[in-house]
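A short write-up of the structure that comes next.
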Amino acid sequence: MREELDKIFESFDNNYIFKDKSVLQSNYMPHEIPHRSEQIKQIASILAPTLRGEKSSNIFLYGKTGTGKTLSIHYVKDELLRRVKKDNDFQLRIEYLNCKLKKVSDTEYRILAELIKKLGQEIPNTGLPTETVYNKFIEILDSEKQILILILDEIDQAVKKISTDFLYNLTRLNSELSQTQICVVGISNDLTFLEGIDPRVRSSLSEEEVVFSPYNAIQLQEILNQRARDSFKENAIAEGVIAKCAAFAAREHGDARRALDLLRIAGEIAEREGSKKILLKHIDESNTKIEREKILEVIKTEPKQFQYVLYSIIKLSEHKEGPFFTGDVYNHYQELCIKNKSEVLTQRRVGDIIQEFDMLGIINVRVISKGRGGRMREIKLAISKSLIEKSKAIIEEVLDYK
DNA sequence: GTCAATTCACATGAAAGAGACCACGGTCTAGTG
DNA sequence: CTAGACCGTGGTCTCTTTCATGTGAATTGACGA
């Protein structure tokens with residue numbers, strides 16, 4: 001045992017690959033952000049008045065995941081904070097909040113609670129009327145003269161779950177504050193997000209808009225090269241590896257984060273193998289590994305009822321050729337629950353669960369109509385055979401089911 | 001043969017209930033002077 | 001007399017159920033040629 005461990009640690013010790021892995025991690029802040037100078041300039045010029053203590057326009061940032069929105073706004077934020085003068089009679093605060101994080105999740109209450117926490121006060125997770133929390137928030141803000149730039153990342157996620165009232169309140173906040181001024185920076189992945197929103201809110205929230213277009217493969221390559229220089233040792237990357245990474249990510253609507261993950265995981269795989277270089281095959285492995293881990297993690301942490309449903313889907317796909325439908329799944333699910341003496345959810349609920357699996361990318365779902373035969377979802381598993389086996393094993397283990 | 005009505009098997013929405021968690025404020029108890 | 005223990009009330013959260021309404025096309029059936 002010890003010898004094996006020796007081997008492991010030894011190989012880790014003299015690794016040929018990494019110089020500084022953190023450069024590839026998603027929270028790393030590079031000194032330069034390639035291909036985003038336009039957007040950064042735009043944002044900076046909009047927010048510049050805050051340095052003089054004036055309110056700036058609200059901004060809305062659009063762009064798909066991994067197009068550098070978050071990075072850019074953080075960059076501007078740091079630069080602003082660096083330049084703010086100490087002897088001003090106001091304070092400039094910039095708070096960033098990702099609305100999609102689990103703990104923030106999807107209620108107005110939680111978002112406010114999180115904001116209050118950022119401002120340095122505690123609020124219980126539950127138990128208070130929302131209005132109290134609101135008042136407290138306002139009170140804290142107004143306690144001193146300050147300019148607050150509120151960056152709300154993935155705001156579309158939040159609004160989808162909460163009503164748009166939240167945004168409305170947000171835009172109206174300024175009128176309730178006497179000393180403090182707020183400006184909101186909304187970030188959204190969904191390009192059509194503002195369409196379904198009350199025009200009044202829309203116009204006040206998106207006084208300015210900045211669009212982040214996806215990176216193309218060449219730009220991705222440059223980004224990867226830049227990061228790779230700092231994170232890997234010399235000659236640690238084989239020919240064509242970067243290009244392949246970029247190509248993979250470009251296929252996924254130019255997601256730079258994904259490209260970086262790909263490269264990092266590939267590096268880790270190569271390191272573990274004791275390879276001196278990252279080779280093309282490591283990228284492939286990395287790609288499947290990322291998919292795999294993501295899905296398996298989801299499956300593992302899903303609640304019981306979800307697992308029953310997924311298990312039914314897997315079983316059905318084994319026994320049956322071709323697609324199957326909501327009703328099939330529900331019947332199988334019912335039997336499964338009865339067999340396991342578990343309570344049975346209604347069809348309504350199971351339908352929602354199926355839809356959630358679709359959102360997670362584990363299954364593919366299409367609503368079809370069979371004329372008089374009714375209208376239902378056509379369900380297909382969207383993961384590879386080996387992954388299905390693995391998932392099945394996990395569920396059987398969790399459910400203690402043979 | 002044609003066209004509108006019907007019908008199936010769910011989808012999709014809205015509202016509300018159950019059970020868990022929690023803060024707040026009032027009341028009770030025990031320890032202190 | 002006061003600090004801390006202990007309750008009751010009222011609030012939020014998540015997961016579900018209930019009730020209601022919507023939906024796309026195969027099928028039916030009336031109608032006219």
Side-chain angles (χ1 to χ4, degrees), chain A residues 97-117 119 121-140 156-166 169-170 190 192 195-198 298-313 316-317 320 322-338 340-360 362-380 395 398-399:
Chain A
L97 181 69
N98 190 335
C99 304
K100 203 182 160 189
L101 294 179
K102 259 274 154 67
K103 58 174 182 177
V104 182
S105 94
D106 38 24
T107 69
E108 195 170 357
Y109 185 100
R110 290 276 176 81
I111 288 179
L112 284 172
E114 201 60 26
L115 283 174
I116 288 175
K117 211 155 145 201
L119 294 171
Q121 300 231 9
E122 284 294 326
I123 207 92
N125 281 336
T126 163
L128 294 179
T130 308
E131 206 181 315
T132 312
V133 185
Y134 237 108
N135 291 337
K136 179 147 192 183
F137 181 58
I138 289 172
E139 191 185 306
I140 294 172
D156 48 333
Q157 298 289 328
V159 171
K160 214 180 284 170
K161 299 259 182 168
I162 321 168
S163 64
T164 47
D165 291 357
F166 172 61
N169 288 338
L170 212 56
D190 182 1
T192 62
E195 278 172 19
I197 287 186
D198 190 325
V298 167
I299 292 174
K300 220 180 285 181
T301 54
E302 215 69 24
K304 249 193 183 134
Q305 296 291 352
F306 281 62
Q307 298 192 336
Y308 280 128
V309 175
L310 185 59
Y311 194 77
S312 300
I313 294 173
L316 275 174
S317 72
K320 252 187 171 172
F324 42 94
F325 311 96
T326 316
D328 302 336
V329 174
Y330 187 67
N331 288 339
H332 194 282
Y333 160 81
Q334 259 180 319
E335 283 173 30
L336 195 62
C337 283
I338 291 167
N340 287 318
K341 301 196 183 74
S342 177
E343 56 180 325
V344 185
L345 299 182
T346 45
Q347 180 146 344
R348 177 74 185 80
R349 181 67 188 135
V350 173
D352 279 350
I353 292 175
I354 289 173
Q355 201 177 13
E356 284 187 47
F357 276 128
D358 179 47
M359 297 242 285
L360 291 169
I362 295 172
I363 58 178
N364 276 330
V365 155
R366 202 159 52 103
V367 178
I368 57 162
S369 175
K370 295 186 142 199
R372 215 168 189 205
R375 197 163 170 274
M376 66 269 261
R377 291 196 175 95
E378 181 189 274
I379 300 162
K380 269 185 284 186
I395 297 176
V398 172
L399 298 182

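Lettering of chains follows the sequences in order, A, B, ..., and the numbering in each one begins at 1.
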Exercise. Could you work out which one of dA26(C), dT16(C), dC10(B) sits closest to the side chain of Met376(A)?
Key: dC10(B)
Quiz item: Would you say the side chain of Cys337(A) lies within less than 4.5 Å of the side chain of Gln305(A), judging by non-hydrogen atoms?
Solution: yes
Quiz item: Does any donor-acceptor pair link the side chain of Arg348(A) with the base of dG13(B) at a separation under 3.5 Å?
Solution: yes
Quiz item: Would you say Phe325(A) and Ile368(A) make side-chain contact, with heavy atoms under 4.5 Å?
Solution: yes
Practice problem: From the options dG24(C), dA26(C), dT16(C), select the nucleotide whose nearest atom is closest to the side chain of Ser369(A). | Solution: dG24(C)
Quiz prompt | Per Gln347(A) side chain, nearest of listed nucleotides dC10(B), dC13(C), dG11(C) | solution = dC10(B)
Quiz item: Picking from dC8(B), dT12(B), dC13(C), which would you name as closest to the side chain of Arg372(A)?
Solution: dC8(B)
Quiz item: For DNA chain B, whose closest nucleotide is more 5', that of Gly373(A) or that of Gln355(A)?
Solution: Gly373(A)
Practice problem: Check every strand shown and say whether Thr130(A) touches a base, only sugar-phosphate, or nothing at a heavy-atom separation below 4.0 Å. | Solution: sugar-phosphate
Quiz prompt | Under-4.0 Å side-chain N/O to phosphate OP1/OP2 contact, Arg377(A) with dA11(B) | solution = yes
Practice problem: Respond yes when some side-chain nitrogen or oxygen of Arg375(A) is under 4.0 Å from OP1 or OP2 of dA11(B), and no when none is. | Solution: no
Quiz item: Looking at Thr326(A), does any N or O in its side chain come under 4.0 Å of the phosphate oxygens OP1/OP2 on dA11(B)?
Solution: yes
Exercise. Give one of base, sugar-phosphate or nothing for Val350(A), where a contact means two heavy atoms less than 4.0 Å apart.
Key: nothing
Exercise. Answer with base, sugar-phosphate or nothing: what part of the nucleic acid does Gly327(A) contact at a heavy-atom distance below 4.0 Å?
Key: sugar-phosphate
Quiz item: Between dC13(C), dT17(C), dT28(C), which nucleotide has the shortest distance from any of its atoms to the side chain of Thr346(A)?
Solution: dT17(C)
Quiz item: Taking five pairs at each end, how big is the angle between the two axes of the helix from dG1(B)-dC31(C) to dG31(B)-dC1(C), to 10°?
Solution: 20°
Exercise. Go through Arg377(A) and Val329(A) one step at a time and tell me if the side chain to side chain contact (heavy atoms under 4.5 Å, CB included) criterion holds.
Key: CA-CA 10 Å; Arg377(A) 291 196 175 95; Val329(A) 174; over 6 Å; no
Practice problem: Go through Ile379(A) and Asp328(A) one step at a time and tell me if the side chain to side chain contact (heavy atoms under 4.5 Å, CB included) criterion holds. | Solution: CA-CA 10 Å; Ile379(A) 300 162; Asp328(A) 302 336; over 6 Å; no
